[in-house]
Amino acid sequence: MQEMISNAKGSRSEQTRKRIEQTYLNLIFEKKWDRITVKELCSRANITRGTFYQYYGDIYELMEQIQDSILQEMSRKYKELSGNPRPPFPIEEFIDRYEIEPPPLLLFWFDFCRAHKTAMEALLDPHNGDPYFVKKLKNILNEYIEAMMDNDGLPRDELRGYFVRTVAELHFLSARLWLESEGENALTAEEVVNLLNTMRVGAGYMTYKQMIAAKTGDKTPV
């Protein structure tokens, strides 16, 4: 009996915490994240200030916990997906061994955004979201894009930095547009992934052509 009571309390506590977080995220669509007050959040969530302070010290701690939960989950999944990288292969074998289909690391970004739609849409909001969250998220994205390029057998040359930054920015832009899109004409996650994958495949093929040209002495523009 005591265990059942404890589980019930734990369930109610988790529901209250989720309601506070969900209410806060919804408010970000209306107001900048650090301008939202505990008073208006409690009013919207229909809870007392005392209830809020049982879980969070202030709005900043609430935001920090939301962000940490998202970033930790994303980092954990990316590490799992990057855990068994394919060994490098000679550039001459590129055409035969390069995978044209979108890799799991690319697919996961949109699966994650879809699973955390409200949070990601709010936190990535260019007007009311937290720019520091975007910076922290970019660090994770950069690591996984590097891993994706390693798995593709591409060299760590001077062009990689440009590619990594560009693809990371496209991840954010495409995610925002996709999350905000509605209606019959909206792109599916799979269609957006394929659009991003065209850049990955194009970059891989250009690198292949440049490296082959360098080995053969062919000066023909690629």
Side-chain angles (χ1 to χ4, degrees), residues 18-36 40-41 44 59-60 62-82 101-149 152 160-204:
K18 288 182 177 179
R19 182 167 57 171
I20 292 172
E21 293 181 355
Q22 188 67 35
T23 301
Y24 178 64
L25 291 170
N26 288 334
L27 281 168
I28 293 177
F29 294 113
E30 306 172 17
K31 193 173 185 179
K32 191 168 174 58
W33 73 273
D34 57 351
R35 299 293 178 86
I36 298 169
E40 61 186 321
L41 191 157
R44 184 72 66 90
I59 288 293
Y60 297 95
L62 168 59
M63 176 60 106
E64 183 179 11
Q65 289 194 26
I66 292 173
Q67 292 183 7
D68 285 349
S69 176
I70 289 175
L71 294 171
Q72 288 171 13
E73 181 180 345
M74 179 172 282
S75 294
R76 182 171 62 252
K77 184 62 176 178
Y78 276 149
K79 286 179 181 177
E80 291 175 4
L81 292 172
S82 304
E101 294 300 315
L105 284 168
L106 190 59
L107 294 167
F108 170 69
W109 166 249
F110 290 93
D111 287 339
F112 188 88
C113 288
R114 177 162 39 200
H116 301 274
K117 184 178 187 301
T118 301
M120 294 299 286
E121 192 174 356
L123 296 174
L124 295 179
D125 186 286
H127 304 294
N128 297 333
D130 181 8
Y132 292 103
F133 171 77
V134 174
K135 288 183 179 180
K136 288 184 283 188
L137 190 55
K138 280 182 179 178
N139 289 334
I140 298 174
L141 281 173
N142 287 344
E143 289 180 8
Y144 109 77
I145 294 170
E146 291 275 13
M148 184 173 67
M149 294 185 72
D152 282 341
R160 179 178 282 218
Y162 293 100
F163 179 84
V164 170
R165 290 196 297 273
T166 301
V167 173
E169 292 295 336
L170 285 175
H171 272 61
F172 284 100
L173 176 61
S174 58
R176 276 204 301 265
L177 292 175
W178 173 64
L179 289 169
E180 294 169 1
S181 64
E182 295 179 354
E184 295 180 359
N185 296 323
L187 291 177
T188 65
E190 290 71 23
E191 289 171 328
V192 180
V193 167
N194 284 330
L195 286 175
L196 276 179
N197 193 50
T198 59
M199 183 174 183
R200 166 186 163 264
V201 173

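Side chains included, hydrogens not; waters and symmetry mates left out as well; all remaining heavy atoms used.
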field: salt bridge (charged side-chain N to carboxylate O under 4.0 Å, His left out) against Glu143, all qualifying residues, sequence neighbours excluded
entry: none
message: Please enumerate all residues that pass salt bridge (charged side-chain N to carboxylate O under 4.0 Å, His left out) together with Arg160, with sequence neighbours excluded.
response: Glu146, Asp150
- prompt: Going from CD1 on Ile66 to CG on Leu62, what distance comes out if it is rounded to the nearest 0.5 angstrom?
  reply: 4.0 Å
task: For Asp130, check side-chain hydrogen bond (donor to acceptor under 3.5 Å, both in side chains) against everything at least two apart and list the hits.
output: Gln67
- request: Of all the heavy-atom pairs spanning Ile140 and Ser75, show the shortest one and how long it is.
  value: CD1-OG, 3.2 Å
message: Please give me the minimum heavy-atom distance between Ile70 and Ala119, naming the atom from each residue.
response: CD1-CB, 3.7 Å
message: If you define the side chain from C-beta out and look only at heavy atoms, does anything of Met120 sit under 4.5 Å from Leu137?
response: yes
Leu105 vs Tyr78 side-chain heavy atoms within contact, under 4.5 Å: yes
query: Considering residues at least two apart in sequence or located in another chain, which fulfil the salt bridge (charged side-chain N to carboxylate O under 4.0 Å, His left out) criterion with Asp111?
result: Arg114
statement: Taken to the nearest 0.5 Å, the spacing of Ile145 CD1 from Asp152 CG works out to 12.0 Å
field: Contact summary for Pro102 and Asn194, nearest pair of heavy atoms
entry: CG-OD1, 3.6 Å
message: According to salt bridge (charged side-chain N to carboxylate O under 4.0 Å, His left out), who are the partners of Lys32, at least two apart in sequence or on a separate chain?
response: none
- line: Rounded to the nearest 0.5 angstrom, the CE-CZ distance for Met74 and Phe112 is 4.0 Å
- request: Decide yes or no for Glu30 and Arg44: does some side-chain heavy atom of the first lie under 4.5 Å from some side-chain heavy atom of the second?
  value: yes
- prompt: Does the side chain of Met63 come within less than 4.5 Å of Asp34's, by heavy atoms?
  reply: no
field: Distance, nearest 0.5 Å, that separates CG of Asp125 from CG of Leu179
entry: 11.0 Å
- prompt: Partners of Val192 by side chain to side chain contact (heavy atoms under 4.5 Å, CB included), sequence neighbours excluded?
  reply: Phe110, Ser174, Trp178, Leu187
Compile the donor-acceptor pairs under 3.5 Å between side chains in residues 162-169 and protein atoms, sequence neighbours left out, one pair per line.
{"from": "Thr166", "atom 1": "OG1", "to": "Tyr162", "atom 2": "O", "distance (Å)": "2.8"}
{"from": "Glu169", "atom 1": "OE2", "to": "Lys138", "atom 2": "NZ", "distance (Å)": "2.5"}

Interatomic spacing from CG in Asn128 to CG in Leu27 - rounded to 0.5 Å: 10.5 Å
field: Gap separating the CG atom of Leu141 from the CE atom of Met148, nearest 0.5 angstrom
entry: 10.0 Å
- request: With sequence neighbours excluded, give me every side-chain hydrogen bond (donor to acceptor under 3.5 Å, both in side chains) pair touching residues 18-27.
  value: Glu21-Tyr56
- prompt: Mind checking what makes side-chain hydrogen bond (donor to acceptor under 3.5 Å, both in side chains) contact with Asn139, not counting sequence neighbours?
  reply: none
- prompt: In chain order, what residues pass the ring pair (Phe, Tyr, Trp, His ring centres under 6.0 Å) check against Tyr60, with sequence neighbours excluded?
  reply: Trp33
query: Among all residues two or more places apart in sequence or in another chain, which pass the side-chain hydrogen bond (donor to acceptor under 3.5 Å, both in side chains) test with Glu73?
result: His116
Partner set under ring pair (Phe, Tyr, Trp, His ring centres under 6.0 Å) for Phe172, not counting sequence neighbours: Trp109
